Peer 1: 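Handing you a structure now.
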Protein chains: 2
Amino acid sequence: MAFEEEKKFFESYIREKNLKWSEQRMQILEIFLRNKKHLTADELYRMVKEKFPSVGYSTIYRTLKLLCDCGICSELRLDDGTIRFEHLYRHKHHDHLICLKCGRMVEVVDPEIEKLQERLAKKEGFILERHILLMYGLCPKCQSK
Amino acid sequence: MAFEEEKKFFESYIREKNLKWSEQRMQILEIFLRNKKHLTADELYRMVKEKFPSVGYSTIYRTLKLLCDCGICSELRLDDGTIRFEHLYRHKHHDHLICLKCGRMVEVVDPEIEKLQERLAKKEGFILERHILLMYGLCPKCQSK
DNA sequence: TCCATATTGATATTGAATTTCATTTTCATG
DNA sequence: CATGAAAATGAAATTCAATATCAATATGGA
């Protein structure tokens with residue numbers, strides 16, 4: 001099947017933490033990765049439920065937490081209060097362009113912006129650890145509608 | 001008392017919307033403005049409660065909503081899931097530096113960063129409406145501890 | 001002053017996320 | 001393999017911030 005590398009990575013993380021392998025965890029990881037989009041916990045739950053009707057809501061949350069802990073994914077808290085989970089494994093840091101109409105999300109990076117942020121932080125004496133930049137607007141398709 | 005201008009502004013907004021003036025609304029506005037910090041709804045509730053013990057939780061939320069609607073304040077959704085309300089009246093747009101240790105928030109702006117964001121958006125065909133930039137790190141005081 | 005309408009605050013409700021707990025599964029060891 | 005300690009699961013209960021309900025009250029134009 002697909003995503004062998006990510007699965008291996010997750011399995012070693014689990015082992016390292018003295019946790020146990022489970023069919024559910026692997027299924028959730030696979031279905032999560034199979035989706036390009038940024039999913040909510042509930043969306044992921046529904047997708048997993050299709051292939052694995054007995055799965056519980058808590059298992060989704062628990063697994064997402066593990067996936068975040070080990071760096072495979074991360075939470076993205078949007079302006080409207082929804083939380084979406086994005087792929088992080090072998091995805092470098094990026095910011096987001098988000099369409100206010102259709103919700104499409106584009107991942108972008110601008111090294112200059114990153115540098116300027118560091119400069120700005122230094123000016124105030126802060127040592128930066130991370131940042132979140134969410135840019136909201138209209139995507140090309142939604143502009144013409 | 002203080003904040004006459006903001007109160008006038010709020011009163012005309014209320015009138016414009018065919019809503020009614022109330023003592024609670026004015027008290028909440030005043031106590032909100034008297035605080036420099038970015039408050040949570042609950043923190044504001046407790047502060048209002050001190051002067052106005054009978055006030056209800058819902059009135060805080062309802063008034064905060066009105067204040068956001070008319071542009072006196074705005075919601076700030078932080079990384080840890082908390083929502084804080086910041087002053088917006090006669091405060092131009094700004095981004096935030098947030099200390100991970102003590103929670104201190106510094107409001108900053110860098111016109112260059114703003115320009116680069118526009119450029120980045122244009123590259124993807126987006127028309128930007130707004131953005132959120134939260135920079136997390138350690139403030140000067142917390143670095144030395 | 002009257003009265004339609006908005007506001008209030010106590011309480012109930014919502015909904016996402018988490019916890020609890022009895023049962024099942026995993027996996028190191030014999 | 002077979003065993004058993006420890007972890008994982010899923011259903012149900014719980015949490016908690018935010019919202020809705022509703023009877024009582026306040027506002028403000030006529």
Side-chain angles (χ1 to χ4, degrees), chain A residues 7 10-32 38-70 73-85, chain B residues 7 10-32 38-70 73-85:
Chain A
K7 284 183 186 169
F10 190 35
E11 280 170 16
S12 36
Y13 176 79
I14 284 172
R15 176 159 294 230
E16 188 182 287
K17 291 270 178 182
N18 287 316
L19 306 175
K20 286 173 180 170
W21 183 94
S22 85
E23 183 63 24
Q24 286 91 327
R25 285 176 177 168
M26 292 306 136
Q27 285 286 341
I28 291 169
L29 173 56
E30 176 159 342
I31 291 172
F32 173 70
H38 298 69
L39 295 172
T40 63
D42 188 66
E43 284 165 357
L44 181 58
Y45 170 69
R46 286 165 202 276
M47 307 200 70
V48 175
K49 196 98 181 165
E50 276 180 33
K51 292 238 165 186
F52 220 116
S54 72
V55 79
Y57 217 79
S58 356
T59 303
I60 299 293
Y61 275 103
R62 288 188 281 229
T63 304
L64 277 171
K65 199 172 205 332
L66 283 177
L67 292 174
C68 287
D69 290 347
C70 76
C73 76
S74 78
E75 283 190 348
L76 194 58
R77 289 172 188 271
L78 264 21
D79 220 12
D80 60 358
T82 59
I83 298 179
R84 296 190 166 271
F85 293 84
Chain B
K7 284 181 185 169
F10 190 34
E11 280 170 15
S12 38
Y13 176 79
I14 284 170
R15 178 160 292 232
E16 188 182 287
K17 290 271 177 181
N18 288 315
L19 305 175
K20 286 172 180 171
W21 183 94
S22 84
E23 184 62 23
Q24 287 90 327
R25 283 175 179 168
M26 290 308 135
Q27 286 286 341
I28 291 169
L29 173 56
E30 176 159 342
I31 291 173
F32 172 70
H38 298 69
L39 296 172
T40 63
D42 188 67
E43 283 163 359
L44 181 59
Y45 170 70
R46 287 166 202 276
M47 307 201 70
V48 175
K49 195 97 181 167
E50 275 179 35
K51 292 239 165 185
F52 220 116
S54 71
V55 79
Y57 216 79
S58 351
T59 303
I60 300 291
Y61 274 103
R62 288 187 283 229
T63 304
L64 277 171
K65 199 174 207 331
L66 283 177
L67 292 174
C68 286
D69 289 348
C70 76
C73 75
S74 78
E75 283 190 347
L76 194 57
R77 288 170 189 273
L78 263 22
D79 221 14
D80 60 359
T82 59
I83 297 179
R84 297 191 165 271
F85 293 84

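These values consider heavy atoms only, across backbone and side chains, with no hydrogens, waters or symmetry-generated copies. Predicted model only: the values in this text are computed from it and were never measured. Within every chain, numbering begins at 1; the chains are lettered A, B, ... in the order of the sequence lines, protein sequences first and strands thereafter.
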Peer 1: Answer yes or no: does a side-chain N or O of B:Gln24 lie under 4.0 Å from OP1 or OP2 of D:dA26?
Peer 2: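 For B:Gln24, the contact criterion (side-chain N or O under 4.0 Å from OP1 or OP2 of D:dA26) is not met.
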Peer 1: So, do B:Met47 and B:Leu39 sit near enough that their side-chain heavy atoms are less than 4.5 Å apart?
Peer 2: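 The answer is yes; the side chains approach within 4.5 Å.
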Peer 1: What is the distance, to the nearest angstrom, from the CG atom on B:Leu64 to the P atom on D:dA17?
Peer 2: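 Between P of D:dA17 and CG of B:Leu64: 15 Å.
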Peer 1: From A:Phe10 CZ over to A:Met26 CE, what is the distance, rounded to the nearest 0.5 angstrom?
Peer 2: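 Separation between the atoms: 5.5 Å.
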Peer 1: Round to the nearest Å and state the distance from A:Ile60 atom CD1 to D:dG10 atom P.
Peer 2: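 Distance check: A:Ile60 CD1 to D:dG10 P gives 8 Å.
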Peer 1: Measure from OH on B:Tyr57 to C1' on D:dC16 and round the result to the nearest Å.
Peer 2: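 Rounded to the whole Å, the gap is 9 Å.
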Peer 1: Give, for atom CG of A:Leu29 and atom CD of A:Glu11, the distance between the pair rounded to the nearest 0.5 Å.
Peer 2: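 Reported value, rounded in 0.5 Å steps: 9.0 Å.
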Peer 1: Nearest whole angstrom, please: distance from the C1' of C:dT7 to the CD of B:Gln27.
Peer 2: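 Between C1' of C:dT7 and CD of B:Gln27: 16 Å.
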Peer 1: Let me know the distance between CE of A:Met26 and C1' of D:dA8, rounded to the nearest Å.
Peer 2: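 Distance, rounded to whole Å: 13 Å.
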Peer 1: What's the spacing between B:Ile60 CD1 and B:Leu44 CG if we round to 0.5 Å?
Peer 2: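 Those atoms lie 4.5 Å apart.
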Peer 1: Find the distance A:Ile14:CD1 to C:dT25:P and express it as a whole number of Å.
Peer 2: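 Distance, rounded to whole Å: 18 Å.
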Peer 1: By nearest heavy atom, map B:Arg25 and A:Ser58 onto DNA chain C; which one lands nearer the 5' end?
Peer 2: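 Comparing both residues, the 5'-ward one is B:Arg25.
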Peer 1: Which sits closer to the 5' end of DNA chain D, B:Trp21 or B:Gly81, going by the nucleotide each is nearest to?
Peer 2: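 Taking each residue's closest nucleotide, the earlier one in sequence belongs to B:Gly81.
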Peer 1: Can a side-chain donor-acceptor contact be found between B:Asp42 and B:Thr40 if the only test is distance below 3.5 angstrom?
Peer 2: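 No pair is found: no donor N or O on one side chain lies under 3.5 Å from an acceptor on the other.
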Peer 1: What does A:Ser22 touch in the nucleic acid at a heavy-atom separation under 4.0 angstrom: a base, only the sugar-phosphate, or nothing?
Peer 2: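 Sugar-phosphate only.
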Peer 1: Which whole-number value in Å describes the distance from A:Asp42 CG to C:dT18 C1'?
Peer 2: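 So the two atoms are 15 Å apart, to the nearest Å.
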Peer 1: By the 4.0 Å heavy-atom rule, please label B:Asn18 as base, sugar-phosphate, or nothing.
Peer 2: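 Touches sugar-phosphate only.
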Peer 1: Go nucleotide by nucleotide along DNA chain D from the 5' end; which of B:Arg62 and B:Arg15 gets its closest nucleotide reached first?
Peer 2: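 Per heavy-atom nearest nucleotide, the more 5' residue is B:Arg62.
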Peer 1: Rounded to whole Å, how long is the line connecting atom NZ of A:Lys20 with atom P of C:dA28?
Peer 2: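 One finds 9 Å between P of C:dA28 and NZ of A:Lys20, rounded.
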